[in-house]
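Residue numbers begin at 1 in each chain, while the letters A, B, ... track the order of the sequences. Computed over heavy atoms, backbone and side chain alike; hydrogens, waters and symmetry mates excluded.
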4 protein chains.
Amino acid sequence: MEFKDNQAIYLQIADYFMDKVLSGEWKADERVPAVRELAVSLEVNPNTAMRTYTILQDKGVLYNKRGIGFFVAPEAFDIIFKMKKDEFINKELPGIFRTMDLLKLSPEELIRLYNAFKADGKL
Amino acid sequence: MEFKDNQAIYLQIADYFMDKVLSGEWKADERVPAVRELAVSLEVNPNTAMRTYTILQDKGVLYNKRGIGFFVAPEAFDIIFKMKKDEFINKELPGIFRTMDLLKLSPEELIRLYNAFKADGKL
Amino acid sequence: MEFKDNQAIYLQIADYFMDKVLSGEWKADERVPAVRELAVSLEVNPNTAMRTYTILQDKGVLYNKRGIGFFVAPEAFDIIFKMKKDEFINKELPGIFRTMDLLKLSPEELIRLYNAFKADGKL
Amino acid sequence: MEFKDNQAIYLQIADYFMDKVLSGEWKADERVPAVRELAVSLEVNPNTAMRTYTILQDKGVLYNKRGIGFFVAPEAFDIIFKMKKDEFINKELPGIFRTMDLLKLSPEELIRLYNAFKADGKL
DNA sequence: GTGGTCTAGACCACC
DNA sequence: GTGGTCTAGACCACA
């Protein structure tokens, strides 16, 4: 996995995990990789991996069985979905629409791009 | 003006300025506020305000007349427009479309939201 | 049985056992559940169950007949009563009173809550 | 400051801070010690001090001005008060009352102890 | 100066 | 084996 420079690694891992839940790849009560295991596979310090798990646990996305490991919470999907939707609609969309207007991109043009991306398999 | 936490203040100010140029509010060769003045009005450290002007000057968006102040460059509009369009289409859109898919938001739904925002005067 | 996160499971089981002795549910020389049995019924690792018995044996609350099982020690009640009282009065109470003050809970209010809990059968 | 062994240091510091807010020693918008400063004064690693600030910020008790420092949030008192009260009444009290019953301590006896502690200046 | 992140490595309790 | 905490020290962006 490659990391961008402008966002903390532990947040990028968290996003990556949440996508896995949203896409259905990770299901409720499924066990996620052990902290150290994850650290090795992502070539990251165990502390950094742990940090990801801690915040996801705080958000209710993961839960922990002591001495056993971390698991996907049953409510994980709903929590993430709600959180992402809220953020997208209230935080991102206004900026996106504003930028579109400034760039003189019409919504129709946007749909055209959407379909083009789909067709190119870039999504 | 309120600032988001996840982006540097000086960059947020720069975006704010570039929007003013794109929207036509600021025109070529127009004088922009003095650094100190800006710092006071935005309740920001003068260093931070200065930093905004420095990077905008580097990008060719502003030019400086020593002892007088900063001015909007004649090519500002074109530079910003090109830069924003590039960034929006190649950097932002893929992520936006991906999020839309995960949130099960169709492009039609997006248009509906766009018009709703417009109607509410939120843009 | 549900376990809190902030205390070791084997200690929570031990407390649960000691309460049974204090409440008179478990009497002197009564046999307690076998380790494996306990582990199954509480959905806990056998090691964890065993650990509970070990520390209770160390404290003199249980005794062991090899090959037969664990039994409530005759002195169990007295040992536990003394230990709990000591701990409650010297360790817990100061913190409780401090919290009460910070929360502006008067002792009278506490009595009211006590009676309310009793009435609701929550105790 | 001395730390207990059975609770994480960063949590003990957090509790210590929250008490300061509850007791009125720390007021809204007051600046709290810088991370490194705190670390030195408590003889703790800066990471540990930082961790305390991070969770308090997550809870809404502190807020941050970038490059300047951490400050007590205006809602800090209410947040802490509500959180502590909830926890005390729903989590701690049932256990306390249960222990009291097992130890055959009457609420009246508890009040007597409360007044005794007060009189001794142990609170 | 401030916070924020990351690495490296250690120790511990618990399952 | 698992997670949880802590120290030490480094680097960076930002104000």
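Between A:I79 and A:K84 the shortest side-chain heavy-atom distance does not fall below 4.5 Å. At least one side-chain heavy atom of D:V44 sits less than 4.5 Å from a side-chain heavy atom of D:I9. Side-chain contact between A:D15 and A:Q7: present, with at least one pair of heavy atoms (C-beta onward) separated by less than 4.5 Å. Between C:K4 and D:K91 there is no side-chain heavy-atom pair separated by less than 4.5 Å.
Counting any heavy atom pair closer than 4.0 Å across all strands shown, C:V44 reaches no nucleic acid atom. Contact annotation for D:N45: base contact, defined as any heavy-atom pair under 4.0 Å involving a base atom.
Relative orientation of the C:Y63 and C:F71 rings is parallel, given thresholds of 30° and 60° on the angle between their planes.
For the pair B:I9 and A:V32, nearest-nucleotide mapping onto DNA chain F gives the more 5' position to A:V32.
Rounding to whole angstrom units, CZ of residue A:F3 and P of E:dG4 are separated by 21 Å. Going from atom CG of D:L42 over to atom P of F:dT7 covers 11 Å, rounded to whole Å.
In terms of phosphate contacts, A:R51 brings a side-chain nitrogen or oxygen within less than 4.0 Å of OP1 or OP2 of E:dT5. Of the side-chain N and O atoms in A:T48, none sit less than 4.0 angstrom from OP1 or OP2 of E:dT5.
Remark: side-chain polar atoms of D:R31 are paired, donor with acceptor, to backbone N or O of D:I68 under 3.5 angstrom.
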Taking Watson-Crick and G-U wobble pairs with both distances under 3.5 Å, convert DNA chain F into its dot-bracket string, 5' to 3', dots for unpaired and | for cross-strand pairs.
||||||||||||||.
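Side-chain N/O atoms of D:N47 and base N/O atoms of F:dG9 include a donor-acceptor pair closer than 3.5 Å.
Checking F:dT2, F:dA15, F:dG4 against the side-chain heavy atoms of A:E37 singles out F:dT2 as nearest.
Taking a 4.0 Å limit (strictly below) on heavy-atom distances, residues 53-70 of chain D reaches DNA chain E at D:N64, D:G67, D:I68, D:G69, D:F70.
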Show the numbers, then the answer: is there a side chain to side chain contact (heavy atoms under 4.5 Å, CB included) between C:L56 and C:F70?
CA-CA 10 Å; C:L56 286 179; C:F70 284 91; over 6 Å; no
